[in-house]
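Data block below; observations after.
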2 protein chains.
Amino acid sequence: MTETSFNPSSLSTGAATGYGEPVTDCATCVVRNRAICASLDAEELALLGRLGRRQRVKAGHTLLWEGDDALVVANVLEGVLKLVVASADGREQIVGVVFPSDFIGRPFGKESPYSVTAMTDAEVCIFNRKSFDDFASAHPDLQHKLLRRTLDELDRARHWMMLLGRKSAEEKVASFLLEMSERLSGQGCNSGARSGFELPFGRQQIADILGLTIETTSRQLTRMRAEGLLDLPSRREIVINDRAAMEALAG
Amino acid sequence: MTETSFNPSSLSTGAATGYGEPVTDCATCVVRNRAICASLDAEELALLGRLGRRQRVKAGHTLLWEGDDALVVANVLEGVLKLVVASADGREQIVGVVFPSDFIGRPFGKESPYSVTAMTDAEVCIFNRKSFDDFASAHPDLQHKLLRRTLDELDRARHWMMLLGRKSAEEKVASFLLEMSERLSGQGCNSGARSGFELPFGRQQIADILGLTIETTSRQLTRMRAEGLLDLPSRREIVINDRAAMEALAG
DNA sequence: CGCTGCTTTGATTCGTATCAATAGCAGTGG
DNA sequence: CCACTGCTATTGATACGAATCAAAGCAGCG
């Protein structure tokens, strides 16, 4: 465990100071049109902007700890973060992976039900939770966006439950590769059967997502490569050669 | 498969007729203060009531099919229903269990991501989804309630992912019994270490919740009985003798 | 060049699924 | 009241998949 804590020491309600950089211009934000902020008009955006701070999070650092007071919520601007639930004896299960424009944190709740840790260097637009809760309560459109997003997340989580409870190691890895291929190769075109992408994390993390060990995960990938289903040009690169066959394996 | 479909054949937008009974008096509804309707005042309640119909669902009948158009949403008045995701080859994973006052269905979404099937005879207050979506969009307080509920469901689902991905059969069964004990023995007092309750479903369903087979589930229960942890007075009754020990097993 | 951490590969064990048979219970009708 | 039927649950024997334990390979970096 080399992970270290992000400590929002001088966090205060309202205009938070002492950490991060003030948000200067939401209008030019990279996720302006994809994040929940897309529901706001210029005036509202300026108001919310005053509550937020841009915050860099280095890979491996933890923004929220499972069980601790959920002091902050945030939008992801850049990088990839994981949501982790751990058991008393140290087993870990990744219960969510968030990308730019995704929302993190637990609004309207006291304790964070999971840890949030950066898997790559990341940048987030962070809010004091109470301030955000108040703002959201006063802005139905924002709340509507948040509701839709939460419903989508719930669907995704439930679909993942099927994978965790009922699929074999081979099916798990195949499903994982297909989902990552879709989420990582951008909203762009996935025309051909071949598709390559770079995973933002290593084998152990794949295992923690799939409920497997690192050895089993590695073996499955090696076997798929041997069968010509995929190439592994480098540790974190994956090229799916035969999408249809991969879909068949995913069950 | 003896499950049969509930077919809302003459479903129309607005005041739906031709199925169920019209809602006569929301004010005296058994779940009036616990369901999302609790956010509404008398006038709003009357409006929503006009959109709803009381509908009985017999045990084993399916209200919504995975992948089909999600035509309806509903509040549970009585009984217990399950949310099921199935794979092409017939494996099933129960991804949620809903009780009276819980909300079911997928607002703001076209396809239902899972099937909803009654585990016991049940009664629901059912709405045409589109009408409900419109009503919700116009009533921020209702939407707020729905958001909180969805966030809670998401937390529960993610917690369950840890169980499915990382826990042993013994830990799964122990966790399950503790959770059911809490959700079934009502909001009442759970004073003593001993607690008994009646499950609304059989062994196969427990297995489908835990991602196990019926045999493994049965063996774990028998073993726990042999060790004095619990009693099994009848097929569906469970008495936990030593709650602390059970919590230790749950991991 | 030789660390250091991550990944792959191999040998073995263990837990759970699978296959198969029996037991128990609920409902039905003689 | 009891025999019969169908369904659910339990119990047993065995097989298989993934975990575990152990070692070697490989890449990045001072």
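Just so it is clear: chains get the letters A, B, ... in the order the sequence lines come, proteins before strands, and each one is counted from 1.
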* Counting any heavy atom closer than 4.0 Å, what does Leu212(A) reach on the DNA or RNA strands: base, sugar-phosphate only, or nothing? -> sugar-phosphate
* From the list dT7(C), dA18(D), dA17(C), which nucleotide is the closest neighbour of the side chain of Ile214(A)? -> dT7(C)
* **Minimum-distance nucleotide (side-chain atoms of Thr213(A) versus dA9(D), dA19(D), dT7(C))** => dA19(D)
* Asked: Would you say dT10(D) has OP1 or OP2 under 4.0 Å from some side-chain N or O of Ser218(B)?
  -> yes
* Any side-chain heavy atom of Phe176(A) sitting closer than 4.5 Å to one from Ile238(A)? -> no
* Please confirm whether the backbone N or O of Leu151(A) pairs with a side-chain atom of Thr150(B), one donor and one acceptor, at under 3.5 Å? => no
* OP1 or OP2 of dT9(C) under 4.0 Å from side-chain N/O of Thr222(A) -> yes
* Structure fact -> Among dT9(C), dT7(C), dA9(D), the one nearest any side-chain atom of Arg235(A) is dT7(C)
* Structure fact -> Taking dT11(D), dA18(D), dT8(C) as options, the one with an atom nearest any side-chain atom of Ser168(A) is dA18(D)
* Asked: Touch check for Ser234(A), heavy atoms < 4.0 angstrom, all strands: base, sugar-phosphate only, or nothing?
  -> nothing
* Report the nucleotide, chosen from dC19(C), dT20(D), dA9(D), that has the shortest atom-to-atom distance to any side-chain atom of Glu215(B). => dC19(C)
* To do: Keeping the roles fixed (side chain from Glu66(A), backbone from Ala86(A)), state whether a donor-acceptor pair exists under 3.5 Å.
  => yes
* Asked: Taking all atoms of both residues into account, what is the closest heavy-atom pair of Val31(B) and Pro100(B), and its distance?
  -> CG1-C, 4.2 Å
* Figure out the NZ/P separation between Lys172(B) and dG15(C), and round it to whole Å. => 14 Å
* Do the side chain of Ser112(B) and the main chain of Tyr114(B) share a donor and acceptor less than 3.5 angstrom apart? -> yes
* Asked: Is there a donor N/O on one and an acceptor N/O on the other, under 3.5 Å, for the side chain of Arg219(B) and the base of dG12(D)?
  -> yes
* To do: Evaluate the side-chain proximity of Leu221(A) to Val173(A): yes if any heavy-atom separation is below 4.5 Å, no if none is.
  => yes
* Asked: Whole Å only: how far is the CG atom of Leu232(A) from the P atom of dC26(D)?
  -> 15 Å
* To do: Figure out the CD/C1' separation between Gln220(A) and dG17(D), and round it to whole Å.
  => 10 Å
* Which is true for Gln204(B) with a 4.0 Å heavy-atom rule: it touches a base, it touches only sugar-phosphate, or it touches nothing? -> sugar-phosphate
* Using whole Å, report how far CZ of Arg236(B) lies from C1' of dT8(D). => 9 Å
* To do: Would you mind reading off the distance between Leu199(A) atom CG and dT7(C) atom P, rounded to a whole angstrom?
  => 11 Å
* Asked: Which of these nucleotides, dA19(D), dT10(D), dT16(C), is closest to any side-chain atom of Ala169(B)?
  -> dT16(C)
* Atom-to-atom span, CZ of Arg166(B) to C1' of dT16(C) - whole angstrom -> 17 Å
* Quick one: which of dT8(C), dT16(C), dA19(D) gets closest to the side chain of Arg203(A)? -> dT8(C)
* Structure fact -> Separation of dA9(D) atom C1' from Leu221(B) atom CG, nearest Å, is 11 Å
* To do: Measure from CZ on Arg223(B) to P on dT11(D) and round the result to the nearest Å.
  => 12 Å
